[in-house]
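Worksheet: the structure to be examined is printed underneath.
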Amino acid sequence: MGNFVLGKYLPYDSVIHKMDPRAKILAMLMVLVSIFLPAGYLGYAVLALVIVSTVLLAKLSLKFVWKSMKPMLFMLAFLMVINIFAVKTGYVLIAFGSFEIYSDAVFNTLYIAVRLMLMIMVTTCLTATTKPLDLTLGIEDLLKPFKKIGVPAHEIAMMISIALRFIPTLIEETERIMKAQASRGVDLQEGKLNEKIMAVLSLIVPLFVSAFQRAEDLANAMEARGYAPGQKRTRYKQLKFCFRDFVLLAGSLLLVVVIALMAFVL
Amino acid sequence: MSIEFNKVGYIYSEKTPFEYAALHDVDLKFSEGKVTAIIGATGSGKSTLVQHLNALLLPSSGKLNILNFEIVAKQKATNLKALRSHVGLVFQFPEYQLFEETILKDLCFGPKNFGATEEEAQEKAIRALKLVGLDQSYLEKSPLDLSGGQKRRVAIAGILAMDPDVLVLDEPTAGLDPQGAIAMMSLFKELNQKFGKTVLVVTHDMEHVLNYCDEVVVMKKGEVYSHTTVHEFFKDTTYLDELHILPPSVVRFRQMLNERGFHLPNDCYDMKTLCALIAKEVKNHG
């Protein structure tokens, strides 16, 4: 559980860490768009180069990024199998009797794998370098223009920040309960099926009980301090764009344009 | 049969930016059949130490001998479940481990995990519930409907039902009312004296240390600062003053009197003896 790194904030001191969360979110969106443009091998090479250098610039180790990709490996394997069975175009690469693997199946899978990996790298770059609270402030600000059409920007941001705030707490809680039940002889790794079900139950019931308890306490605490959604409020932390943020935005815009040109013009 | 720490170190989140060494080269031997208090400031490594005792945390360095089990750092430990049936660990605020529909079922959970049959488990459950001072009418109630103090008792009974040789408790009286706390500590003392259980208890309450414990282990910044008998420990209160922890009232009373000109010996630990000594000194003086 302590090895769960997807979406974890890493407190290093880098240029990327210092950037404005709004700029980072926008830049991430642009890079995500360019990842989905069909720009061929060269396009992906350019993207990979840019993204890997961003990762290194953020002082994140490639090992950390690799770790956050691990949960996706299973999905990739699954996609690979489906592609191999479903795609029957291109030329035959390998044939086992009547069973044939086509070139497009392999290439499609590779494409998806590369795309997914790049996407995870980009999002990791955002979440590992931005404090959860800054991230929600950024989201709130970016959603503000949509308020006119009835998007509850503040409420959404509040919900996200509460959810993010409680992820580590719940993980800690889970660990605590797991340990407590382990000393009562629960073994999550071994045992028969019904023992395993019991083990999971002994974990989930207390977790739910405490999660509801926490939710209620939090709601009471918020109300006790006069929290009312939709109220106009000031902020302690003011977000400010500065030069490096504009550089980031300009850079990612350039990237989208270049990749788009590679995809549609060349 | 012993509990021995041999240069044990523990590092949380090793090789990440969150890396934190909680224990450094801990050498410690707990006396069997005694009640030992483990004290220290928050963050001094008490809870980390305690979790090693039933292998919930495995040492990053060093070696551990618990009863007949040996745990060496960087070696795959085996038979942890057997170890856990001999060492019962009660966590801080253990009430969150309750999950079954009825108290009886919850109490049976531990023993059954360690291979007891349904009848054996029930018998153990009923005995454990009695030990913590709740009567049989509670057996069919839901543990989630109880009051905070009762939940605590049921949770502790859940561990007692496993009938471990060594009982480890991490701040068992935190958040209990004074009466409940005293009842709890007396229970541990009774388990120790009647059934010869080794009891290790993490506590911040010096009155409990003085009244219910035999030995004291003081932790400081992940190291063992001292390991003495309780009486030896309260002779010199410099460490407690450093921590801004008040010594037990008897010790404080004696100190205050001595500061004001009395000459009371520093090896009396109960009010009665102290009163007699005061009376004697006043008489001699007068």
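Values below: every heavy atom of this structure, side chains too, minus hydrogens, waters and symmetry copies. Predicted model only: the values in this text are computed from it and were never measured. Below, read A as the first sequence line, B as the second, and so on, with proteins coming before strands; counting in each chain starts at 1.
Using a 4.5 Å cut-off between heavy atoms, B:Leu89 touches chain A through backbone and side chain atoms alike. Using a 4.5 Å cut-off between heavy atoms, B:Phe114 touches chain A through its side chain atoms alone. Contact annotation for B:Leu144: only side-chain heavy atoms (C-beta onward) come within less than 4.5 Å of a heavy atom of chain A. If you measure heavy-atom distances from B:Glu100 to chain A, the contacts under 4.5 Å come from the side chain alone.
The two residues B:Asn54 and A:Ser183 come nearest to each other via the heavy atoms ND2-CB, 3.0 Å. Across every non-hydrogen atom of B:Leu57 and A:Lys179, the tightest pair is CD2-NZ, 3.8 Å.
Crowding of A:Glu172 atom CD: a count of heavy atoms from other residues, nucleotides or ligands under 6.0 Å not exceeding 12. Around atom CE of A:Met80, no more than 12 heavy atoms belonging to other residues, nucleotides or ligands sit under 6.0 Å away. When the shell of 6.0 Å around CD of B:Glu101 is examined, it contains 12 or fewer heavy atoms from other residues, nucleotides or ligands. The number of heavy-atom neighbours closer than 6.0 Å to CZ of A:Arg235, taken from other residues, nucleotides and ligands shown, is above 12. More than 12 heavy atoms of other residues, nucleotides or ligands lie within 6.0 Å of CD in B:Glu19, so this atom counts as buried by the packing criterion. No more than 12 heavy atoms of other residues, nucleotides or ligands shown are found within 6.0 angstrom of CE on A:Met75.
Contacts from residues 117-132 of chain B to chain A, taken as heavy-atom pairs separated by less than 4.5 Å, involve no residues at all. Below 4.5 Å, heavy atoms of chain B meet heavy atoms from A:Leu201, A:Ser202, A:Val205, A:Pro206, A:Val209, all part of residues 201-215 of chain A.
Listed for the A:Arg184 side chain is a donor-acceptor partner under 3.5 Å among the backbone atoms of B:Gln97.
Taken from CZ in A:Arg176 to CZ in B:Phe93, the straight-line distance is 8.0 Å, to the nearest 0.5 Å.
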